[in-house]
**Student:** 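Here's a structure for you.
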Amino acid sequence: MNPVALRQRFTVPGLTFDEADGVTRIHVDTPQATATIYLQGAHLTAWQPAGFEPAILLSHKSSFGPGKPIRGGIPVVFPWFAIDSKQDRIDGHPGPMHGFARIQDWSLDKAQRVGDVMELAFTLGPTAMSRSLGYDNFLLSLEFHIGRELSLAITVTNTGAKPLFFEQAFHAYYEIADIHEVSVSGLETTSFIDKNDAFKVKPAAQEPIRFSKPNDRVYNNTTATCVIDDKAGARRITVAKSGSHSTIVWNPFAELADLGEWDWHEFVAVETGNVGSDAVTLGPGAHSTMQAHVTLAHVARA
């Protein structure tokens, strides 16, 4: 879908379309919030509720263009998380990092405004790329409710005759004022896999997560709500979820090739997912839904 076709199909107040670097963008602007979603990946790259600073970080060094993964925002991870475990999936090489859903064009199937909340629904079915990677019997449906609060819900349907095995995540980059003054609570009683220490399983820390070095942790078997206490920004970001049994917390504590020099200071990734031992297996015709619900609140500075 190009911007012209989308404008002709969807005439919703507060919804506009354009193109940048060969990729179609969708912009939301209502009294409750502004947001931007790229059609490639159904990838939300900005969300700012009224009365707050931006809540989602987009890297200043991200690449943009057809087939190029965007760094930052909320990438949709499917059907595997991080590095493809099948190292010879195609032409002797693994598939793309975090799967193919974030670098394929989705279809915008519904757009409507309910009061000042924008509701958008996207779908992705088999593509030439997914088939080349061995995925030809699935349907992804992704819904956004965008207002003072942000809700995302992804439903995976197995359209084939054999079981469908997959991992999934909303790889969200939440914008904060200073990573050195942030804590994440909700996972105090949950053990975790420390990807920065040879994937060792470590016991529950019994305290909120704080950041003084690279952090890359996978918390399995948890349905807990997480709260990001952004002390320097005088706000809290609450991430509730359903249909998810994994939470991933990440910050590289360093510049990356596509992550700006100071960007790592200003985000924490708290990811809603089903990965590793929480991966999903769907029988023929079955479906599952994973949801994340994000709210912001002002707090007094200490």
Side-chain angles (χ1 to χ4, degrees), residues 10 12-15 25-39 41-58 70 72-78 101-102 106-124 139-157 168-176 184 186 222-228 230 235-248 267-274 280 287-298:
F10 300 105
V12 181
L15 193 66
R25 300 187 300 186
I26 301 163
H27 301 284
V28 173
D29 189 351
T30 73
Q32 288 198 1
T34 58
T36 298
I37 299 174
Y38 280 71
L39 203 61
H43 190 143
L44 185 142
T45 57
W47 171 56
Q48 183 173 0
F52 288 91
E53 294 297 312
I56 301 295
L57 181 131
L58 176 65
I70 298 170
I74 306 183
V76 176
V77 173
F78 177 90
R102 66 179 184 148
W106 293 53
S107 294
L108 177 62
D109 292 341
K110 183 184 79 171
Q112 66 180 19
R113 184 165 157 179
V114 180
D116 287 328
V117 175
M118 193 69 73
E119 298 181 356
L120 304 173
F122 299 82
T123 55
L124 177 70
L139 176 66
L140 305 183
S141 302
L142 178 62
E143 295 188 359
F144 292 91
H145 288 199
I146 301 168
R148 292 188 187 278
E149 302 179 356
L150 174 67
S151 293
L152 305 87
I154 187 167
T155 298
V156 183
T157 301
Q168 60 183 165
F170 296 135
H171 191 328
Y173 292 65
Y174 294 107
E175 185 161 331
I176 45 89
V184 177
T222 176
T223 59
T225 294
C226 288
V227 178
I228 302 167
D230 179 14
R235 68 180 182 179
R236 290 194 180 99
I237 303 171
T238 299
V239 185
K241 64 179 188 171
S242 64
S244 160
H245 297 274
S246 307
T247 296
I248 303 93
F267 87 90
V268 60
V270 177
E271 307 170 40
T272 297
N274 289 299
V280 179
H287 66 271
S288 68
T289 299
M290 182 181 77
Q291 297 178 299
H293 186 72
V294 186
T295 57
L296 275 65
H298 294 293

**Student:** What are the two closest non-hydrogen atoms of P75 and G72, and how far apart are they?
**Tutor:**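 Scanning both residues completely, I find the closest heavy atoms to be CD-O, 3.5 Å.
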**Student:** Counting distance only, does the side-chain N/O of N274 pair as donor-acceptor with the main-chain N or O of G243 below 3.5 Å?
**Tutor:** yes
**Student:** Heavy-atom distance under 4.5 Å between the side chains of L58 and T36, does that happen here?
**Tutor:**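 With C-beta onward as the side chain, the pair stays apart.
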**Student:** As an exercise, state the distance from OG1 of T289 to CG of L142, rounded to the nearest 0.5 Å.
**Tutor:** 11.0 Å
**Student:** Could you tell me how the ring of F52 sits relative to the ring of H298: parallel (under 30°), tilted (30 to 60°) or perpendicular (over 60°)?
**Tutor:**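 Because their plane-to-plane angle is under 30°, the rings of F52 and H298 count as parallel.
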**Student:** If you round to the nearest 0.5 Å, how far is CE of M290 from NZ of K241?
**Tutor:** 8.5 Å
**Student:** Do any N or O atoms from the side chain of W47 and from the backbone of R148 form a donor-acceptor pair under 3.5 angstrom?
**Tutor:**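 The answer is no, because no donor-acceptor pair under 3.5 Å joins these two groups.
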**Student:** Take atom NE2 of H287 as the centre, draw a 6.0 Å sphere, and report whether it contains more than 12 heavy atoms from other residues, nucleotides or ligands.
**Tutor:** no
**Student:** Using atom types as modelled and distance alone, determine if a side-chain donor or acceptor of T30 lies under 3.5 Å from a backbone N or O of Q32.
**Tutor:**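 Pair found, side chain donor or acceptor close to backbone of Q32.
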**Student:** Taking all heavy atoms of A33 and all of P49, pick out the closest pair and write down the distance.
**Tutor:** CB-CA, 4.0 Å
**Student:** For the atom pair CD (E143) and OG (S151), what is the distance rounded to the nearest 0.5 Å?
**Tutor:**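 Reported to 0.5 Å precision, the distance equals 10.5 Å.
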**Student:** Quick one, I26 and L15 - any side-chain contact, counting heavy atoms below 4.5 Å?
**Tutor:**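 The answer is yes, as the side chains (C-beta and beyond) meet within the 4.5 Å cut-off.
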**Student:** Any luck finding a side-chain donor-acceptor pair between S242 and Q291 under 3.5 Å?
**Tutor:**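 Result is yes, a qualifying pair exists.
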**Student:** Minimum heavy-atom separation for A55 and L296, please, with both atom names.
**Tutor:**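 Between these two residues, the closest heavy atoms are CB-CD2, 3.9 Å.
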**Student:** Quick check: do I237 and V270 have side-chain heavy atoms less than 4.5 Å from each other?
**Tutor:** no
**Student:** Are any of the side-chain heavy atoms of D29 and H27 separated by less than 4.5 Å?
**Tutor:** no
**Student:** Any side-chain heavy atom of F170 within less than 4.5 Å of one from V77?
**Tutor:** no
**Student:** Would you check, one step at a time, whether the test side chain to side chain contact (heavy atoms under 4.5 Å, CB included) holds for E119 with K110?
**Tutor:** CA-CA 8 Å; E119 298 181 356; K110 183 184 79 171; 4.3 Å; yes
**Student:** Would you indicate whether the side-chain heavy atoms of R235 and E53 approach each other to under 4.5 Å?
**Tutor:**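 A side-chain contact under 4.5 Å exists here.
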**Student:** Within the 4.5 Å heavy-atom criterion, are L39 and F122 side-chain neighbours or not?
**Tutor:** yes
**Student:** Rounded to the nearest 0.5 Å, what separates atom CD1 in I228 from atom CZ in R236?
**Tutor:**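 Rounded to the nearest 0.5 Å, the CD1-CZ separation comes out at 12.0 Å.
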**Student:** Could you tell me if the side chain of L150 sits less than 4.5 Å from the side chain of L44, heavy atoms only?
**Tutor:**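 L44 reaches L150 side chain to side chain.
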**Student:** Should W106 and V76 be marked as a side chain to side chain contact (heavy atoms under 4.5 Å, CB included) after you check the CA-CA gap, both sets of side-chain angles, and the distance that decides it?
**Tutor:** CA-CA 11 Å; W106 293 53; V76 176; 4.2 Å; yes
**Student:** At what distance, to the nearest 0.5 angstrom, does OH of Y174 lie from CD1 of I56?
**Tutor:** 5.5 Å
**Student:** Measure the spacing between NE2 of H43 and CZ of R102 and express it to the nearest 0.5 Å.
**Tutor:** 8.0 Å
**Student:** Please name the residue in the list V12, V117, I37, L120 that meets the side-chain contact (heavy atoms from CB on, under 4.5 Å) test with V28.
**Tutor:**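 So the option named by the test is L120.
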